[in-house]
Every structure is written in C-alpha cells, then in structure tokens.
Enquirer: 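Structure in structure tokens, see below.
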Amino acid sequence: MSAPATAVITVAAAELLARLQDRHGPVMFHQSGGCCDGSSPMCYPCGDFLVGDRDVLLGVLDVGADGVAVWISGPQYQTWKHTQLVIDVVPGRGGGFSLEAPEGMRFLSRGRVFTDEEKAQLEAVPVITGAAYEGGERPSTRGPVIDKAVPETCPTRSP
C-alpha cells in the first residue's frame, strides 16, 4: 500500500488554480508560516518565491500538465507532519502576495489528521527537501483533486 498524499486540493480550488495557471503560467504554493497572511497557502508564479534548501515538498498537486508543487518550511513541517494539507478556496480577499487576491477568492488551508496506519506509511517515505528537489528528486505520485474538504478536516462548532 502506498503512503497517502500529504497535500490535496478541492475541486473548487483546483478550478481557480487552473485559471491562474492559464493567466500566469506555472505556479507553486508555499504554506505560509503565519506572517502577513496568517497561515494561508500562498500561490506564486514559479520562480517568484525562492524555495529554501530545508523547505519540504509536501507534494505535487494533480492540476495542470506539470502539476503544482506545494512547499512548507522545514520547522513548520515538523509541527504539521501528522496532518494532510487540504487546499480549499473561499470567498474573500486574502493578502496581496498570493495570485488569487484580485479574484475575490482566497486559498485556505484545512487539515486532516493522519491515522496511525497512514503515519506509519509516511514514515517509510523520505521527505523531499528543497536541496533534494534542486538535485532532481521528485515524488512518485501527485496529490489528487478531491470532491470537497471532508467534514472531519475542519469541524464546525455549535453556538
């Protein structure tokens, strides 16, 4: 059994991402660490954000011909490695740094905690750092487009 994808994207977010790719060419995500835009997944044209040697590739989303890389800083990965990053989109304006800002939409991170079995599967797969990616290392699979953010990713609270 293969390890679960560590990054996935909803249909609505993938549709917006495809429009951004049509307009801007190849793009990538970097999961923000909390500065400026909170902890939003920031979308940039490839080459506009420099991936660090210790950043971790969460995965490549199955959107567009070449896919879309999703990165996170190494220390932030250590904090969140037990969760699957679900990239979704909601109405509203995020910060001015991410490509979707003028669209009246903003990308949003949701998370799903991996099961113990999934965690064990992931521990068997080495992470790909920025340095390894620069050296040609790539993931064997792409993160899928999912129908919607599953309810257990972000439960709502009753008033």
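Here the structure is a predicted model, which means the values were calculated and not measured.
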Enquirer: Could you tell me which residues satisfy side chain to side chain contact (heavy atoms under 4.5 Å, CB included) with Ala120, sequence neighbours excluded, listed by chain and number?
Expert: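 If we apply the side chain to side chain contact (heavy atoms under 4.5 Å, CB included) test to Ala120, skipping adjacent residues, there are no hits.
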
Enquirer: CD/Gln21 to SG/Cys46 distance, rounded to the nearest 0.5 angstrom?
Expert: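 So the gap between those two atoms works out to 8.5 Å.
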
Enquirer: Holding to salt bridge (Lys or Arg N to Asp or Glu O under 4.0 Å), I want the full list of residues that pass it with Lys119, two or more places apart in sequence or in another chain.
Expert: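 For Lys119 the salt bridge (Lys or Arg N to Asp or Glu O under 4.0 Å) partners, ignoring immediate neighbours, are Asp116.
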
Enquirer: What residues form a side-chain hydrogen bond (donor to acceptor under 3.5 Å, both in side chains) with Glu118, not counting sequence neighbours?
Expert: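 Checked Glu118 against side-chain hydrogen bond (donor to acceptor under 3.5 Å, both in side chains); matches are Arg112, Thr115.
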
Enquirer: What are the two closest non-hydrogen atoms of Pro139 and Ile128, and how far apart are they?
Expert: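 In this case the closest contact between Pro139 and Ile128 is N-CD1, 3.4 Å.
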
Enquirer: Other members of the hydrophobic cluster containing Phe114, with the 4.5 Å side-chain heavy-atom rule, please.
Expert: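 Members alongside Phe114: Leu122.
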
Enquirer: Could you list the donor-acceptor pairs under 3.5 angstrom formed by side chains in residues 50-68, with sequence neighbours left out?
Expert:
unit_1, atom_1, unit_2, atom_2, d
Asp55, OD2, His30, NE2, 3.3
Asp55, OD2, Gly52, N, 3.0
Asp62, OD1, Arg142, NH1, 3.3

Enquirer: If you round to the nearest 0.5 Å, how far is OG1 of Thr10 from CG of Leu17?
Expert: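 Interatomic distance, Leu17 CG to Thr10 OG1, rounded to 0.5 Å: 10.0 Å.
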
Enquirer: Applying side-chain hydrogen bond (donor to acceptor under 3.5 Å, both in side chains), name anything that partners Ser140, two or more places apart in sequence or on another chain.
Expert: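 In terms of side-chain hydrogen bond (donor to acceptor under 3.5 Å, both in side chains), with neighbours along the sequence ignored, Ser140 is linked to no residue.
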
Enquirer: Quick check for you: to the nearest 0.5 Å, what is the distance between Met105 atom CE and Arg19 atom CZ?
Expert: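 Between atom CE of Met105 and atom CZ of Arg19 there are 7.5 Å.
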
Enquirer: Output all residues satisfying side chain to side chain contact (heavy atoms under 4.5 Å, CB included) with Val90, sequence neighbours left out; order by chain, then residue number.
Expert: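 With neighbours one apart ignored, the set is Arg106, Leu108, Arg110.
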
Enquirer: For Leu16 and Glu100, what are the C-alpha separation, side-chain angles and deciding distance, and is it a side chain to side chain contact (heavy atoms under 4.5 Å, CB included)?
Expert: CA-CA 8 Å; Leu16 175 58; Glu100 83 282 2; 3.8 Å; yes

Enquirer: What distance separates Phe107 CZ from Phe29 CZ, expressed to the nearest 0.5 Å?
Expert: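 Spacing of CZ (Phe107) from CZ (Phe29) equals 4.0 Å.
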
Enquirer: What residues form a side chain to side chain contact (heavy atoms under 4.5 Å, CB included) with Pro75, not counting sequence neighbours?
Expert: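 Result, side chain to side chain contact (heavy atoms under 4.5 Å, CB included) vs Pro75: Ser73.
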
Enquirer: Assigning hydrophobic clusters by single linkage (Ile, Leu, Val, Met, Phe, Trp, Tyr; side-chain heavy-atom cutoff under 4.5 Å), is Leu85 placed with Val11?
Expert: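 Leu85 clusters together with Val11.
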
Enquirer: Suppose we screen for side chain to side chain contact (heavy atoms under 4.5 Å, CB included). Which residues come up paired with Gln78, at least two apart in sequence or across chains?
Expert: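 Expected list: Lys81.
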
Enquirer: Counting only N and O atoms by type, is there a donor-acceptor contact under 3.5 Å from the side chain of Ser98 to the main-chain atoms of Ala101?
Expert: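 Answer holds: no.
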
Enquirer: What pair of heavy atoms forms the shortest contact from Ala7 to Gln84, and how long is it?
Expert: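 Shortest heavy-atom separation between Ala7 and Gln84 comes out as N-CG, 4.5 Å.
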
Enquirer: Among residues at least two apart in sequence or on other chains, which ones pass salt bridge (Lys or Arg N to Asp or Glu O under 4.0 Å) with Glu137?
Expert: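 With sequence neighbours excluded, Glu137 shows a salt bridge (Lys or Arg N to Asp or Glu O under 4.0 Å) to no residue whatsoever.
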
Enquirer: Taking it one step at a time, do Trp71 and Tyr133 satisfy ring-ring contact (aromatic ring centres under 6.0 Å, His included)?
Expert: CA-CA 11 Å; Trp71 292 93; Tyr133 191 85; 5.2 Å; yes

Enquirer: Got a sec, which residues hit ring-ring contact (aromatic ring centres under 6.0 Å, His included) with Tyr77, two or more places apart in sequence or on another chain?
Expert: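 Partners of Tyr77 under the ring-ring contact (aromatic ring centres under 6.0 Å, His included) test: none.
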
Enquirer: Measuring from Leu99:CG to Asp48:CG, what's the distance to the nearest 0.5 Å?
Expert: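 If we round to the nearest 0.5 Å, Leu99:CG and Asp48:CG are 7.5 Å apart.
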
Enquirer: Which atoms form the tightest heavy-atom contact between Pro144 and Ala5, and what is the distance?
Expert: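 The pair with the smallest heavy-atom distance is CD-CB, 3.7 Å.
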
Enquirer: Does some side-chain heavy atom of Val70 sit less than 4.5 Å from a side-chain heavy atom of Pro41?
Expert: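 With C-beta onward as the side chain, the pair stays apart.
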
Enquirer: Mind checking what makes side-chain hydrogen bond (donor to acceptor under 3.5 Å, both in side chains) contact with Ser109, not counting sequence neighbours?
Expert: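 Ser109: side-chain hydrogen bond (donor to acceptor under 3.5 Å, both in side chains) contacts with Gln31.
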
